[in-house]
Structure formats: structure tokens, C-alpha cells
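Below is one structure, written out as C-alpha cells; comments come after it.
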Amino acid sequence: MNIQKYYPLKHLTTFKIGGPARYFVEAHCQDDVVRALQFVRHNGLKLFILGGGSNVLISDKGFPGFVLKPCLKGFEVIKENDEHVWLKVAAGELWDDVVSKAINAGWWGIENLAYIPGHAGALAIQNVGAYGQEAGDVIEAVEVCEVATGNHKILFHDQCQFGYRTSVFNSSLQGKYLILHTILRLKKNGVPNLSYRELREFFTEKDIPTLQELRSAVISIRRKKLPDPEQIGSAGSFFKNFLLAPQEFEQLRQNIKRSLGHAASDKIQALRSPQAEEVALIKVSTALLLDLCKVKDWHVGGAAVYCHHPLILINATRQATAYEVLSLVQKIRQQVYRHTGLTLVPEPAMVGFEEQELRAYFSFY
Ligand SMILES: Cc1cc2nc3c(=O)[nH]c(=O)nc-3n(C[C@H](O)[C@H](O)[C@H](O)COP(=O)(O)OP(=O)(O)OC[C@H]3O[C@@H](n4cnc5c(N)ncnc54)[C@H](O)[C@@H]3O)c2cc1C
């Protein structure tokens, strides 16, 4: 295990932003993880676990502690019956490789999650989701190493408390565990999940798409809408969507009508399905709110709103700083709050910032 000092992090992230880590190590096996955590404890260091770096914004000053990158490899069927396989994947596997292998084997359940950047170890953290599928639907258990003790533990599905872009790992138990392996329960005979309109429309000509066809469709849609991390730096969607109770939704509609007019309010109303009376929570697309609030061409220095998708903030010049991204975030949040009364919640992990720094950017009341 090779612990390095003042290790540059920006190239380990898809945003290509951020300063160095005071200490950095790649852990290639469980022993490496245990020894790295001992080093962290003995030296009283702060710890950050970095996967593929596709959902982080790292401070320009870097991280003043220990960055541990789990690089464990493994893709193994640990159990199967007539209907399911139980697949154990190690934290360091590239997520899209896992999807691709599962599809080649004919297993259903993660095909709509194709082409999402990052490592398998981060899958459970924010309950990764796309095109009508969520990781939590197929995660049976997560094998973890407890940061405080180095002990090995298993958390089963119900203990993970998956919700929209949340789990215990990014809420109540944040920072407590390093995920070593994730156990997925996949179906041997599945049916396509075409609940997402864009994906459904892709197949108007066909009856039942195959797994391979679904993967190709998802990749094609994603390529059109999202920046290629190799070409344009970003952390994917910067803000979460909203899930609003019917009264909150009505309040939002009224606010938008008052501030942005009837046409805008009608667009919000259209999000409500005819069965909405029975729905406890209504999903409000933050991309739509950003469109209505006209933030499309906004930028601060090298940080900009992506022209094909307003939820995505990009490193447009390849030289944007975290400071510029946060200044843009602050402007956008103020604009959205002014017109809608809603407070945008960022999705990526903020790494290496001081509390007061973040408070300054994220509070504006
Ligand atoms: C172009 C683009 C498109 C994207 N599309 C989607 C999408 O459709 N849906 C979606 O949900 N997300 C999407 N994302 C966000 C991101 O790809 C996912 O959240 C991904 O799962 C993050 O994985 P990562 O390995 O890069 O994690 P990182 O960014 O390295 O880390 C993210 C968080 O997970 C923690 N973490 C990582 N690995 C571990 C581990 N082994 N143990 C404990 N904690 C860990 C980190 O500490 C951090 O808090 C997109 C990002 C980009 C750049």
C-alpha cells in the first residue's frame, strides 16, 4: 500500500476541479482498506472515500485529510435459483462494466442504469437511478467496513433505507462505512421497464425490446442529453428533483403563476397526473423549474449551465474553479427561490470545504 502526500485529485473526478489530498491511497484488497483506516485513526485524520469521482465537487484547496480510493475488483455469482441470480460486485468495478456483463449474461434489473459513470461501490450511496430504475430495487445487501473500528459488517436492503437519491449512507450513517461489496438480486426472466417516456418512445416500432436493445437505447438517449465526461467536466445533475405533497405542489403552482405567469404555471400543472389525488408525493422536475427561471445561459467564470440540460453544471473552460461553481450555484438557487419558493438541494458530495464557506454559499434568507 503506497500512501502518497499532497496528491492531486482533480483528474480523479469527472468535474476536473479541486486541489490535492494531504494523503491519498488506492486500496486494492480488504487488508489495504483495514490498514488505511488504521493509519487514519492513529493520525486523527479526516477521511474521504473516493470512487470514480463522478458525484463530487472538491474544494480548490483540496482535502486536508486522507482520501481512500477503494479499487477492489470482483464480479461473482454467489447464489442462483430458477428465477434469480445473486451477484456480488466489488467496490472498484466500473459500474457500466457491471451493467454490460449482466446484460450479456441475460440478467434483468439494471439495464436502464447503463452508462452511468462511477464505481459499483457508490451505487448504494445515493440509490443511483435513471429511466425508471433505481439501484435500491435490486440491492439485496451491502458489505461494509466500519470506519471507526475496521470491522466487517453486512447491511441488508431494509437497513439501507433507500429513497429518492438517498440511503443511510448519505444521511444518518454518512461517513460511518466504506462499502466493499454490493449484492444485487437480478432476474433471469425480466420485462423491459419502459415507464420513462423518452425510453418508451424509442421503441414505438418494436413490441418487446431485448436487454441489448434497451442498453443501446439508454446510451443513445444519454449521449444526446448529457455531456461526455471525457470531453466536458461535470458531476451529472447538480440538483435533485423535488417530491412535493399535494399542498406544497399547489403552493408552488401559485408562486409560479404570480411570479412567472399563467403559461409557466400550466407547465407545472401538467406534471400532475390525472390520478394525482391518490398520489402522496408529486415529482417536480428541477430541470423544468430551471427552464422556467431562465438560467440557461448563466455562467460564472469557467462554470456554466450545460446548454442541453439545465440541471448539469459544467467546467466549460476546463479551468473552472470550485469557487466559480459554487458562485453559480448560489445565483441559481437564489433565482429559483425568488420565483418558486423552493430551495434547490445539491446532489454531489462537497469535499474539503469549510462549514462556514458552505453556509455562505448555501444560505440566502
Ligand atoms: C455525466 C454524468 C451522468 C450521471 N448520471 C447519473 C444518473 O443518471 N443517475 C444517478 O443516480 N447519478 C448519475 N450521475 C452521478 C454519479 O455518476 C453517480 O452518483 C455514481 O454512482 C457516483 O459514483 P462514483 O464512484 O463516481 O462516486 P464518487 O463521486 O467518487 O463518490 C460519491 C459519493 O459516494 C461515496 N462513496 C464512493 N464510493 C464509496 C464506497 N466504496 N464506500 C463508501 N462511500 C463511497 C463518496 O464518499 C461520495 O460521498 C452522473 C454523473 C455524471 C458525471
Side-chain angles (χ1 to χ4, degrees), residues 9 12-18 26-27 30 33 36-37 46-58 63 65-72 89-96 98-99 110 112-136 139 142-147 155 160 162 164-171 173-182 196 198-199 218-219 221-223 225-241 306 308-309 311-315 346-352:
L9 294 176
L12 301 182
T13 74
T14 52
F15 233 145
K16 306 283 183 258
I17 290 176
E26 288 186 351
Q30 291 195 31
V33 170
L37 292 179
K46 285 187 189 165
L47 172 71
F48 183 72
I49 300 160
L50 183 69
S54 62
N55 211 16
V56 292
L57 177 65
I58 296 179
F63 185 69
F66 192 100
V67 172
L68 198 170
K69 186 172 164 77
C71 296
L72 291 78
V89 286
E93 291 289 339
L94 273 183
W95 172 246
D96 192 47
V98 174
V99 176
I110 51 176
N112 293 11
L113 304 181
Y115 217 55
I116 295 180
H119 291 182
L123 189 69
I125 304 291
Q126 70 156 4
N127 183 18
V128 163
Y131 304 102
Q133 274 182 348
E134 280 189 342
I139 293 178
V142 180
E143 283 184 18
V144 298
C145 186
E146 193 173 30
V147 168
L155 271 76
C160 297
F162 293 116
Y164 168 67
R165 295 295 186 273
T166 61
S167 71
V168 286
F169 303 109
N170 67 359
S171 56
L173 300 179
Q174 186 167 19
K176 293 229 181 314
Y177 297 117
L178 181 146
I179 293 178
L180 297 165
H181 293 100
T182 304
Y196 194 87
E198 245 176 304
L199 192 55
V218 167
I219 291 176
I221 295 169
R222 291 184 74 92
R223 279 198 176 135
K225 255 175 45 175
L226 307 176
D228 174 356
E230 296 298 320
Q231 305 297 325
I232 303 176
S234 86
S237 300
F238 203 94
F239 302 108
K240 296 185 187 187
N241 289 316
Y306 187 49
H308 300 296
H309 199 321
L311 262 190
I312 298 176
L313 305 186
I314 58 168
N315 179 353
E347 195 179 295
M350 304 287 156
V351 184

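Whatever order the structure lists ligands and atoms in, that order sets their numbers, starting from 1. Numbering starts at 1 and runs along the sequence shown.
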Contacts for ligand 1, heavy atom under 4.0 Å, by chain and number, are Thr14, Phe48, Ile49, Leu50, Gly51, Gly52, Gly53, Ser54, Asn55, Val56, Pro70, Ala91, Ile116, Pro117, Gly118, His119, Gly121, Ala122, Ile125, Gln126, Val128, Gly129, Ala130, Arg165, Tyr177, Leu178, Ile179, Arg222, Pro227, Ser234, Ala235, Gly236, Ala349
Would you check if [X] and [Y] make a side-chain contact, meaning some heavy-atom pair closer than 4.5 Å?
X	Y	result
Ile221	Tyr196	no
Phe63	Leu50	no
Leu68	Leu37	yes

(Q) Donor-acceptor pair, distance only, cut-off 3.5 Å: does the side chain of Trp95 make one with the backbone of Ala122? (A) no
So how far is it from His119 NE2 to Leu94 CG, rounded to the nearest 0.5 Å?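 That separation rounds to 5.0 Å.
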Count the heavy atoms of every other residue, nucleotide or ligand shown that sit under 6.0 Å from NZ of Lys225, and state whether that count exceeds 12.
yes
